[in-house]
Number of protein chains: 2
Amino acid sequence: MGVKLTDVAKKAGVSATTVSRVINNYGYLSQKTIDKVHKAMEELNYQPNSMARSLQGKSTQLIGLIFPTVSHPFFGELVSKMETKLFEKGYKTILCDSANNKEKERDYLKMLAANKVDGIIAGAHNLGIPEYENVELPIISFDRHLAERIPIVSSDSYQGGRLATEHLYQRGGRRIAILTGTNESDSPTNQRLEGYLSVVKEHQLEPMVYHFPLEHSPFLKATEIRQILSKEGIDSVFCTDDLTAILVINTARELGLEIPGNLKVIGYDGTEFVQNYHPQLSTVLQPIDQFVDLLIDLLMKRINNPDIELDNLYQLPVKFVQGQTS
Amino acid sequence: MGVKLTDVAKKAGVSATTVSRVINNYGYLSQKTIDKVHKAMEELNYQPNSMARSLQGKSTQLIGLIFPTVSHPFFGELVSKMETKLFEKGYKTILCDSANNKEKERDYLKMLAANKVDGIIAGAHNLGIPEYENVELPIISFDRHLAERIPIVSSDSYQGGRLATEHLYQRGGRRIAILTGTNESDSPTNQRLEGYLSVVKEHQLEPMVYHFPLEHSPFLKATEIRQILSKEGIDSVFCTDDLTAILVINTARELGLEIPGNLKVIGYDGTEFVQNYHPQLSTVLQPIDQFVDLLIDLLMKRINNPDIELDNLYQLPVKFVQGQTS
DNA sequence: AACAATATGTCAAACGAATAACATAGAAGA
DNA sequence: TCTTCTATGTTATTCGTTTGACATATTGTT
């Protein structure tokens with residue numbers, strides 16, 4: 001069906017081996033032949049068959065990205081930037097939206113192995129997938145413990161939790177609540193909670209912890225937030241993600257609460273999206289660009305040398321961003 | 001390196017052909033053998049090498065998705081849903097963030113051909129890429145004319161423009177501005193503008209058209225919006241996307257303008273994100289789920305029968321969503 | 001018992017490209 | 001002129017899987 005190497009050879013009037021030599025740049029070649037072959041390739045719009053190449057032993061230049069969903073601005077930005085950087089390096093991206101579905105994530109792992117990807121960057125939120133232990137592919141994890149020997153890139157969530165909470169305290173907050181995800185011991189969200197608790201304890205405040213399961217729809221979350229805000233005498237809220245913070249702000253407005261007068265709100269993530277479209281929100285900024293650089297650099301190292309020793313954990317610093325909601 | 005078919009054969013105590021027969025389900029097979037082989041495959045954690053399979057003639061089950069960027073909520077949701085649906089159908093997704101970069105889009109097209117994808121869904125915003133004319137792969141386009149014979153799935157942008165503008169008029173708007181993208185004759189954004197112009201003309205209002213190049217950063221856009229809102233005596237703004245509408249609302253708030261009292265605002269897109277986190281925004285809802293279903297259904301048709309005749313244009317209806325900003 | 005249907009095996013040729021081994025020819029240098 | 005590069009060609013093998021052709025058992029049916 002498609003144009004193949006032998007067609008190029010015929011067109012250029014050289015042997016198939018010579019074409020292969022040009023493509024893979026080995027052996028002796030005259031500039032004249034190289035030009036002839038390139039011309040023929042262009043004229044025929046020839047693309048070497050990736051399947052055949054990698055079957056022969058060449059790498060596929062494919063990378064699998066396993067993340068919950070690109071419909072979330074945080075992961076959308078992360079994935080978009082990774083894809084861009086990977087493409088610049090000559091890699092193609094297979095997108096795997098794990099959608100908080102264990103089965104799907106397992107299937108993805110199999111699929112990626114079958115497709116002989118060169119490596120995987122995984123930042124899904126499913127726990128308890130023992131398959132990661134057995135994957136011999138280079139893997140780097142974002143923000144999750146997946147298995148022994150798989151390095152984790154994350155930010156200093158504990159410090160982030162402390163930063164946010166301490167800031168609320170300095171601003172006069174004395175009844176500071178935290179809205180966070182489900183209580184999973186090794187999740188970074190939990191580290192944010194730990195940071196919050198440590199500051200609350202230091203100042204001898206009453207901890208007020210509200211867990212929001214990830215599966216809950218924003219609508220359901222908003223309902224719960226409404227109850228929390230109208231019942232309890234809360235003066236500050238630390239949300240462990242920006243989207244929840246936006247819900248809190250919307251709800252507070254509904255309830256006629258002045259921000260930051262009656263209620264101070266801090267989010268977490270600081271995506272470009274939030275900085276552009278919700279610049280008023282105080283938040284803790286995660287260094288997305290640095291995540292991307294580090295994740296890819298580490299993966300490249302593992303790909304080029306599978307046995308290289310890497311640290312277990314790379315923790316990048318976070319930054320508090322002052323808006324007008326606190 | 002990896003486990004291969006012959007290893008499975010050895011383990012199961014059958015011939016390689018029999019294993020292949022089990023995998024591809026042809027010829028005569030006893031249940032006993034089938035079970036034996038499956039057991040061996042599981043024990044060895046065997047995955048057929050996709051490269052070898054598709055080299056042999058089997059389809060790759062790969063689909064390329066070319067869109068501007070998943071960091072934008074609209075495309076993030078669209079891509080996320082397509083990926084999910086494709087995975088359910090046994091396809092893997094190669095993500096191509098074209099980033100409004102013609103060169104990159106061209107490269108992607110080559111790359112997807114080299115990787116022998118089964119089909120492409122393209123919704124990038126670059127014009128003038130003649131390469132699309134020559135691609136023999138099944139392609140379906142989202143919202144853009146790419147080439148002859150490539151069906152376009154879109155929504156009724158003209159009607160959407162009319163809906164929004166007419167609504168603003170009914171609400172008392174008499175000086176209605178439109179904030180839209182660059183003036184590209186065959187873009188759907190332009191159809192929204194056409195719809196706006198037709199209503200403005202019907203009511204003999206003065207058209208006020210502001211073009212915002214896509215490349216402009218949100219910050220720059222906000223600056224321009226500030227100028228527009230403070231200078232001209234505008235009482236209503238129709239934005240051809242929701243994010244711009246959010247910028248307008250933010251700016252109006254800054255300027256102390258009451259919404260919808262002093263200024264009415266309508267957006268366009270109505271992503272789940274906006275509906276959840278900006279429920280107050282009046283907007284024109286694009287049917288993302290229907291886009292996804294139709295795009296994929298059409299692509300499957302083309303894949304299963306490359307010569308099937310499809311319409312040039314599939315236009316889905318839009319819906320006005322009343323919020324509190326108009 | 002004879003014949004068909006079922007179940008498996010052996011063998012070989014693809015798929016498209018990479019590459020090693022070897023041959024050959026011209027050009028350059030001693 | 002003889003050697004050594006340099007430049008190309010020929011040929012065959014390999015990658016892992018699919019599949020067709022053909023052979024050979026083992027069943028089941030009448």
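Just so it is clear: chains get the letters A, B, ... in the order the sequence lines come, proteins before strands, and each one is counted from 1.
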Measuring from A/L137:CG to A/I150:CD1, what's the distance to the nearest 0.5 Å?
10.0 Å
Exactly one of A/D269, A/T271, A/D143 clears side-chain hydrogen bond (donor to acceptor under 3.5 Å, both in side chains) with A/Q286, and that residue is A/D269
Measure from CG on A/L55 to P on C/dA14 and round the result to the nearest Å.
17 Å
Could you state the NZ-P distance from B/K4 to D/dT14, rounded to the nearest angstrom?
11 Å
Listing time: all N or O pairs from protein to nucleotides 18-20 of chain D that are below 3.5 Å?
unit_1	atom_1	unit_2	atom_2	d
D/dT18	OP1	B/N24	OD1	3.4
D/dT18	OP1	B/N24	ND2	3.2
D/dT18	OP1	B/R53	NE	2.6
D/dT18	OP1	B/R53	NH2	3.1
D/dT18	OP2	B/S20	OG	3.3
D/dT18	OP2	B/N24	ND2	3.4
D/dT19	OP1	B/K58	NZ	3.3

If I take atom CG in residue A/D7 and atom C1' in nucleotide C/dG16, what distance separates them, rounded to the nearest angstrom?
11 Å
Is the closest side-chain heavy-atom distance between A/P287 and A/S155 below 4.5 Å?
yes
Quick check: on DNA chain C, is the nucleotide nearest B/V14 upstream (toward 5') of the one nearest A/T6, or the reverse? Name the residue that is more 5'.
B/V14
For B/T33, which contact category applies under a 4.0 Å heavy-atom criterion: base, sugar-phosphate, or nothing?
sugar-phosphate
Considering all heavy atoms of both residues, which atom of B/D311 and which atom of B/P151 are nearest to each other, and what is their separation?
O-CB, 3.4 Å
Would you say a side-chain N or O of A/S15 is under 4.0 Å from OP1 or OP2 of D/dT10?
no
d(NZ, B/K116; C1', C/dG16) in whole Å
9 Å
Test item: B/I63 and B/I94 side chains (from C-beta on) under 4.5 Å apart, heavy atoms:
no
Closest non-hydrogen atom pair between A/I121 and A/F67, with its separation:
O-CE1, 3.7 Å
Whole angstroms only, please: what is the CG-C1' distance between A/N25 and C/dT19?
14 Å
Tell me: CD of A/Q47 to P of C/dG16, nearest whole Å?
15 Å
B/T60 side chain to B/S54 side chain, donor-acceptor N/O pair below 3.5 angstrom:
no
From NZ of B/K36 over to P of C/dA7, roughly how many Å is that when rounded to an integer?
13 Å
Rounded to whole angstrom units, what separation is found between the NZ atom of B/K10 and the P atom of C/dT10?
13 Å
Please determine whether a side-chain nitrogen or oxygen atom of A/Y28 lies at a distance below 4.0 Å from atom OP1 or OP2 of D/dA7.
no
Aromatic ring proximity, centroids under 6.0 angstrom, A/F273 and B/F273
yes
Quick one about A/R106 and A/N101 (side-chain donor to acceptor, distance below 3.5 Å, no hydrogens or angles considered), yes or no?
no
Within the sub-3.5 Å range, which N or O atoms of nucleotides 25-30 of chain D have a protein N or O partner, and how far apart are they?
none

Does A/S30 place a side-chain N or O at less than 4.0 Å from the phosphate oxygens OP1/OP2 of D/dT6?
no
